[in-house]
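Just below is one structure, and these are the notes that go with it.
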Amino acid sequence: MRSVDEQLGRALAAAVRPAPVRVAISEAQGLQCAEEVVAERALPGFDQAAVDGYAVRSVDVQAAGTEPVVLPVVGEIPTGSRQPRRLQPGQAVRVDTGAPLPTLADAVVPLDYTDGHHARVTVNQPVPSAAFVRRTGEDVQTGDVAVRRGAAIGAAQVGLLAAVGRAKVLVYPRPRVSVISLGDELVDIDRTPGQGQVYDVNSFSLAAAARDAGAEVSRVGIVPSDSRRLREAIEGRLLLSEIVVIAGGVGGQTAESIRAALSDLGDIDMTRVAMHPGSVQGFGRLGPDAVPTFFLPSNPMSALVVFEVMVRPLIRAAQGKRNPHRRQINARLLSPIMSVKGRRGFLRAQLLRDDNNGEYLAQPLGQSGSHLLASLAEANCLILVDDETTEVVVGEEVQVSFLAQRG
């Protein structure tokens, strides 16, 4: 039986980042920047007022610290004005926030420091040079790197790209993941199952899990256990995917026939991994591009756990994440748990917080059956139990993996 770490190592070794593409900045959110974005213009591009007030020479209002200073207001500059103005000594110009400063002005007196008059303004408080002014290039200078290669593009980065005049940016796209459900017993959710038939759960749940991990997902749906049809389906997806995920066909004669049908595409290693649930699984690299291809258990709960442990880290690694794994923390156990000796346990639980001391608490859910999908829907973490531990009692500290839906 292969260890979890060895099987995961094989999967992560297959991680390949998709080639960069250039997209509109409105489509870049959530992706990683694939270039050094150099500003071709300064930000701000001109000296501008940081508040509503009066543009002045600071030396002209210096005496306002002892007694009010009265200055004639010789004009007004609204935001967006393109008309150049020149300020003479002993004068003031009314300015709106963001308006360009007139020549010779080196400060802005906020409205709160004045009586607010339009013809002659009384200044009650002095301001130093550069006060309430956004200087040219104060944020970004021409030639500065605005967004670095490898940076995650979020709302602030999108705003900065727009501010420096970039309509498009080179990014690493989301890895494409194709999800297939394999089985003659499966029917789609728009049909009524007959005797011996069940709804296709896996293609929906695994596609959702792949999206949560940051992938671009194609849900292929149901493919019968017929070797020829499965091969055709997989061969077609290998051309369009960085990762292929197939639920079902991991055990018995079906696994052997699948392996034989795909043998000329690459080697599929159907094996047992020392974990529960989901010990029986398969992995290989198929097609001319050696696309990582996973075979997961047909049981929906087990399939999701194996996806979480094996597939999700590969998706994250293919996005260039430095740490592709979930956040792990310690928590105090609220109910006893049993685990299987010789296998690493991934047991579903709810992570809680003690209101009194802030300690994390873990409440196990539905551990009596690996088929209990409803309990996984309630879970927000997995309790990690090492392969030598068979029982953990109430009050002991356990390690948990936090199942945040995104990231």
Side-chain angles (χ1 to χ4, degrees), residues 15-52 77-82 95-101 133-179 207-219 237 239-243 289 291 311-327 404-407:
V16 176
R17 174 176 278 190
V21 295
R22 194 167 297 279
V23 300
I25 61 172
S26 59
E27 299 173 5
Q29 187 173 1
L31 303 178
Q32 271 196 340
C33 189
E35 63 172 322
E36 298 280 287
V37 179
V38 177
E40 297 180 358
R41 62 185 66 189
L43 180 65
F46 53 88
D47 290 351
Q48 59 184 250
V51 295
D52 291 348
I77 304 178
T79 302
S81 173
R82 300 175 64 183
V95 289
D96 295 337
T97 301
L101 293 190
V133 173
R134 299 171 185 154
R135 289 294 186 191
T136 303
E138 183 179 283
D139 196 355
V140 177
Q141 295 279 352
T142 302
D144 282 354
V145 176
V147 180
R148 298 196 175 277
R149 181 185 292 111
I153 298 179
Q157 287 73 27
V158 171
L160 185 54
L161 289 167
V164 298
R166 286 293 296 267
K168 294 187 175 183
V169 62
L170 195 68
V171 296
Y172 294 105
R174 294 176 177 85
R176 297 168 300 172
V177 175
S178 292
V179 179
R211 289 190 196 97
D212 274 346
E216 179 185 322
V217 181
S218 294
R219 189 187 70 83
R237 299 316 304 178
L239 302 174
L240 303 171
S241 311
E242 276 74 46
I243 300 169
D289 296 323
V291 175
V311 186
R312 186 182 187 281
L314 178 60
I315 294 173
R316 304 291 284 174
Q319 295 175 72
K321 303 294 184 183
R322 294 180 181 175
N323 180 6
H325 303 289
R326 293 278 199 184
R327 178 189 175 198
Q405 285 189 319
R406 288 277 182 181

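Basis for what follows: all heavy atoms, side chains included, without hydrogens, waters or symmetry-related copies.
Side-chain atoms of Thr79 come within 3.5 Å of backbone N or O of Thr97 as a donor-acceptor pair. Checking side-chain atoms of Arg316 against main-chain N and O of Ala213 turns up a donor-acceptor pair under 3.5 Å. At least one donor-acceptor pair under 3.5 Å links the side chain of Arg176 to the backbone N or O of Leu240. For Asp144 (side chain) and Ala146 (main-chain N/O), no donor-acceptor pair under 3.5 Å exists by modelled atom type. With Ser81 contributing its side chain and Ile77 its backbone, the two residues share no donor-acceptor pair below 3.5 Å.
Partners of Gln157 by side-chain hydrogen bond (donor to acceptor under 3.5 Å, both in side chains), not counting sequence neighbours: none found. Considering only residues two or more places apart in sequence or on other chains, Gln48 meets the side-chain hydrogen bond (donor to acceptor under 3.5 Å, both in side chains) condition with Arg134. Scored by the salt bridge (charged side-chain N to carboxylate O under 4.0 Å, His left out) test, Arg219 finds Asp200 as partners (sequence neighbours excluded). In this structure Arg135 satisfies the salt bridge (charged side-chain N to carboxylate O under 4.0 Å, His left out) test together with Asp47, sequence neighbours excluded.
Using a 4.5 Å heavy-atom cutoff, the side chains of Leu160 and Val140 are in contact. Using a 4.5 Å cut-off on side-chain heavy atoms (C-beta onward), Leu170 and Val21 make no contact. Between Val133 and Leu101 there is a side-chain heavy-atom pair separated by less than 4.5 Å. Looking at Val164 and Glu40, their side chains never come closer than 4.5 Å, going by heavy atoms from C-beta outward.
Separating the NZ atom in Lys321 from the CZ atom in Arg17 is a distance of 9.0 Å, to the nearest 0.5 Å. Note that CZ of Arg174 and CD of Glu216 are 8.0 Å apart. Values are rounded to the nearest 0.5 Å. One distance of note links CG of Leu314 with CD of Gln319; it measures 10.0 Å at 0.5 Å rounding.
In terms of heavy-atom proximity, Ala318 sits nearest to Ala15 at N-CB, 4.3 Å. Annotation for Ala99 and Phe46: closest pair C-CE1, 4.3 Å, computed over non-hydrogen atoms. Contact between Pro175 and Pro18 at its shortest, heavy atoms only, is CA-CG, 3.9 Å. Val169 and Cys33 get closest at one heavy-atom pair: CG2-SG, 4.0 Å. Contact record, Ala210 with Val217: CB-CG2, 3.5 Å, taken as the closest heavy-atom pair. Of all non-hydrogen atoms in Ala28 and Val171, the two that sit nearest each other are CB-CG1, 4.1 Å.
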Would you tabulate the side-chain donor-acceptor contacts of residues 148-155 under 3.5 Å, counting partners in other chains and residues two or more places apart, or write 'none'?
none

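Applying the side chain to side chain donor-acceptor pair (under 3.5 Å) test to residues at least two apart or on different chains, the pairs with a partner in residues 18-30 are Arg22-Glu35.
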